[in-house]
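Here's the structure, in structure tokens; my notes come after.
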Amino acid sequence: MRIEDPKIVAALPELSVELRRASSLAELTSLAIGGATDLLRIRDHESIPGLLSLLDYHGVPHRFLGGGSNLLVGDGELPWIVLQLASPDADVVLEGNFAQVDAAADLGRMVTYCAKHDLGGMEGLIGVPGTVGGALRMNAGAYGMQIGSYVREVKVYRAATRRIEILRGEQISFEYRHTSFAPDDMMLAVKLELPSKPYKEILQGIRICNEKRRSSQPLGQKSAGCIFKNPPGASAGRMIDELGLKGLSVGDARVSDRHANFFVNAGKASAKDMLALISNVRERVRSAFSVELEHEVVIWNA
Ligand code: EPU
């Protein structure tokens, strides 16, 4: 979608918002799939309420993009524009056991930065790509931990009140790959409370998680991590594997040979290919196990 209204375009510099015309979402997502649309890069949190009022007033549909690592975007010209936070210079500020982190910060970099300052707890997240904001919204987790356990405060733009609010950790519910944030809430920053641990010990934990991940996940390939959530008490990857579906393809969309719950873009896969592969696998799991798999990956398809 192209922002046509000159009033909006003229107001953007004052709001510290950069307009990037016809940005390819394939270039902004780890799956490397997705069509094009105008992208607004936001440099100042405080300008968000004004920007969103302007977009709503002019009826411009929009979506918030984090690091694009857990996202499958539709093909062709997209019917909404995309908003994304630009990273500030200092995105992690430490004070005692607290880390104040900008939502645009890279998750892995934040984990290592805290580790170097003897703050641990998040070793499991080390190989998870994406931003801190995205991890927060999805309550990202791995190897027995989840980011929600460490959240003490979140600065969020709430679409319902049209204001920036600070929520305390207890006001938010963090469940398995799900939080109580509304879909149109925009994560801005988070305050984490992390346990003190010597760097060497944290590093050891990080090495173990890295090793496990390297041996079980297709890290060098274009993917969005796990496609389906694990059903209670079961593993989606194991079920898909048991059905012999590793390597199953639709066009260049392919079930990974390494981990059956990772679907990779082995070349020039389209969203159509990937969606067809997802429903094909879902259907087979349904008929073999009578289990309805739920998407773990976020899908923006129209
Ligand atoms: N398995 C197979 N075949 C496969 C994949 C897995 O038999 O192709 C078996 C494994 O041998 C193991 C079991 O299934 O016995 C579970 O596999 P794994 O340890 O890889 O964990 P997972 O349940 O498939 C979850 C998360 C991952 C996270 C890992 C490590 C979900 C949907 N997935 O995977 O998160 O990295 O645990 O904690 O919760 C993601 O969220 O995108 C993601 C990759």
Side-chain angles (χ1 to χ4, degrees), residues 29-33 65-73 106-108 110-111 120-150 174-179 181 187 202 204-249 253-266 274 277-278 280-282 284-286 288-289 291-300:
T29 53
S30 57
L31 256 179
I33 292 177
L65 177 69
S69 59
N70 191 40
L71 185 62
L72 169 56
V73 182
D106 178 78
L107 181 63
M110 184 272 283
V111 175
M122 293 183 298
E123 293 83 336
L125 289 178
I126 191 67
V128 177
T131 61
V132 169
L136 187 63
R137 156 168 292 289
M138 290 296 296
N139 189 22
Y143 305 114
M145 60 77 58
Q146 52 180 31
I147 193 169
S149 318
Y150 301 103
F174 290 99
E175 291 149 47
Y176 167 60
R177 300 295 195 273
H178 179 81
T179 59
F181 293 112
M187 308 297 112
I202 303 173
Q204 216 172 348
I206 285 177
R207 288 212 180 101
I208 293 169
C209 292
N210 267 339
E211 193 40 53
K212 282 192 196 162
R213 209 180 279 283
R214 255 198 303 272
S215 65
S216 63
Q217 300 181 0
L219 299 187
Q221 287 179 279
K222 295 173 197 157
S223 86
C226 286
I227 287 285
F228 299 109
K229 289 184 185 176
N230 284 337
S235 158
R238 185 185 288 144
M239 289 193 281
I240 300 167
D241 195 0
E242 275 175 13
L243 292 176
L245 301 181
K246 279 181 169 169
L248 181 73
S249 307
R254 183 182 165 90
V255 177
S256 161
D257 293 314
R258 183 163 278 229
H259 194 300
N261 198 11
F262 278 64
F263 293 10
V264 300
N265 174 1
M274 193 54 82
L277 185 63
I278 292 172
N280 187 334
V281 170
R282 240 173 137 232
R284 294 194 195 205
V285 169
R286 186 190 299 129
F289 299 101
V291 167
E292 199 65 50
L293 289 178
E294 259 183 65
H295 300 152
E296 197 276 335
V297 66
V298 176
I299 300 177
W300 286 359

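No hydrogens, no waters, no symmetry mates; every other heavy atom, side chains included, goes into these values. The first residue of the sequence shown is numbered 1, and numbering continues consecutively from there. Counting starts at 1 for both ligands and their atoms, following the listed order.
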Report, in ascending order of atom number, the atoms of ligand 1 lying under 4.0 Å from any heavy atom of S235. 13 (C), 14 (O), 16 (C)

Nearest to atom 41 (O) of ligand 1, what protein heavy atom do you find, and at what distance? R177 NH2, 2.8 Å

Of L245, I227, N230, the residue with the heavy atom nearest atom 22 (P) of ligand 1 is N230

Give the atom numbers and elements of ligand 1 that come within less than 4.0 Å of a heavy atom of E296. 41 (O), 42 (O)

Check ligand 1 against G225 and write out every atom of the ligand that is under 4.0 Å from a heavy-atom position of the residue. 42 (O)

Counting non-hydrogen protein atoms only, what is the nearest one to atom 29 (C) of ligand 1? Give residue, atom name and distance. Q217 NE2, 4.1 Å

Tell me which protein heavy atom sits closest to atom 20 (O) of ligand 1, plus the residue, atom name and distance to 0.1 Å. H259 NE2, 2.9 Å

Compare every heavy atom of A288 with every heavy atom of L243, then report the nearest pair and how far apart it is. CD2-CB, 3.6 Å

For ligand 1, which atoms, with element, lie under 4.0 Å from some heavy atom of F228? 32 (C)

Return yes if a side-chain donor-acceptor contact under 3.5 Å exists between N210 and R214, otherwise no. no

I need the nearest protein heavy-atom contact for atom 8 (O) of ligand 1: residue, atom name and distance, please. A260 N, 2.8 Å

What residue and atom, counting heavy atoms only, is the protein's closest point to atom 30 (C) of ligand 1, and at what distance? Y143 CE2, 3.4 Å

Acceptor/donor pairs from residues 134-144 side chains to any protein atom, 3.5 angstrom cut, sequence neighbours excluded:
{"unit_1": "R137", "atom_1": "NH2", "unit_2": "A182", "atom_2": "O", "d": "2.9"}
{"unit_1": "R137", "atom_1": "NH2", "unit_2": "D185", "atom_2": "O", "d": "2.6"}
{"unit_1": "N139", "atom_1": "OD1", "unit_2": "G148", "atom_2": "N", "d": "2.9"}
{"unit_1": "N139", "atom_1": "ND2", "unit_2": "Q146", "atom_2": "OE1", "d": "3.2"}
{"unit_1": "N139", "atom_1": "ND2", "unit_2": "E175", "atom_2": "O", "d": "2.7"}
{"unit_1": "Y143", "atom_1": "OH", "unit_2": "R213", "atom_2": "N", "d": "3.4"}

Taking only non-hydrogen atoms of R213 and a 4.0 Å limit, the atoms of ligand 1 in range are 36 (O)

Quick one: nearest non-hydrogen protein atom to atom 33 (N) of ligand 1, plus distance? C226 SG, 3.4 Å

For the CD atom on Q204, are there more than 12 heavy atoms of other groups (residues, nucleotides or ligands in this structure) within a distance under 6.0 Å? no

Nearest 0.5 angstrom please: L72 CG to I227 CD1, how far? 6.5 Å

List the closest protein heavy-atom neighbour of atom 31 (C) of ligand 1: residue, atom name, distance to the nearest 0.1 Å. Y176 OH, 3.3 Å

Could you pull out the closest heavy-atom pair between P231 and V291, with the gap in Å? CG-CG1, 3.8 Å

N/O donor-acceptor pair under 3.5 Å between Y150 side chain and G121 backbone: yes

Would you check whether A142 has a nitrogen or oxygen atom less than 3.5 angstrom from a nitrogen or oxygen atom of ligand 1? no

Testing the basics here: between S30 and S223, what is the closest heavy-atom pair and its distance to 0.1 Å? OG-O, 2.7 Å

Determine whether any heavy atom of M138 lies closer than 4.0 Å to an atom of ligand 1. no

If you scan the protein for heavy atoms around atom 37 (O) of ligand 1, do you find one that is closer than 4.0 Å? no

Looking only at heavy atoms, the pair that brings M239 and L293 closest together is CE-CD2, 3.9 Å

Contact atoms of ligand 1, heavy-atom distance to F262 under 4.0 Å: 44 (C)

Using protein heavy atoms only, decide if any is under 4.0 Å from atom 5 (C) of ligand 1. yes

Tightest non-hydrogen contact, residues S69 and G130, listed as OG-CA, 3.4 Å

Shortest non-hydrogen pair, R254 vs A266, comes out as CD-CB, 4.2 Å

Does an N or O anywhere in K246 fall below 3.5 Å from an N or O of ligand 1? yes

Would a distance-only check, ignoring hydrogens and angles, find a side-chain to backbone donor-acceptor pair under 3.5 Å from H295 to V297? no

Which residue pairs satisfy the ring-ring contact (aromatic ring centres under 6.0 Å, His included) criterion with at least one member in residues 206-237, sequence neighbours excluded? F228-F263

Can you check atom 15 (O) of ligand 1: any protein non-hydrogen atom closer than 4.0 Å? yes

Among protein heavy atoms, which lies nearest atom 10 (C) of ligand 1, and at what distance? R238 NH2, 4.5 Å

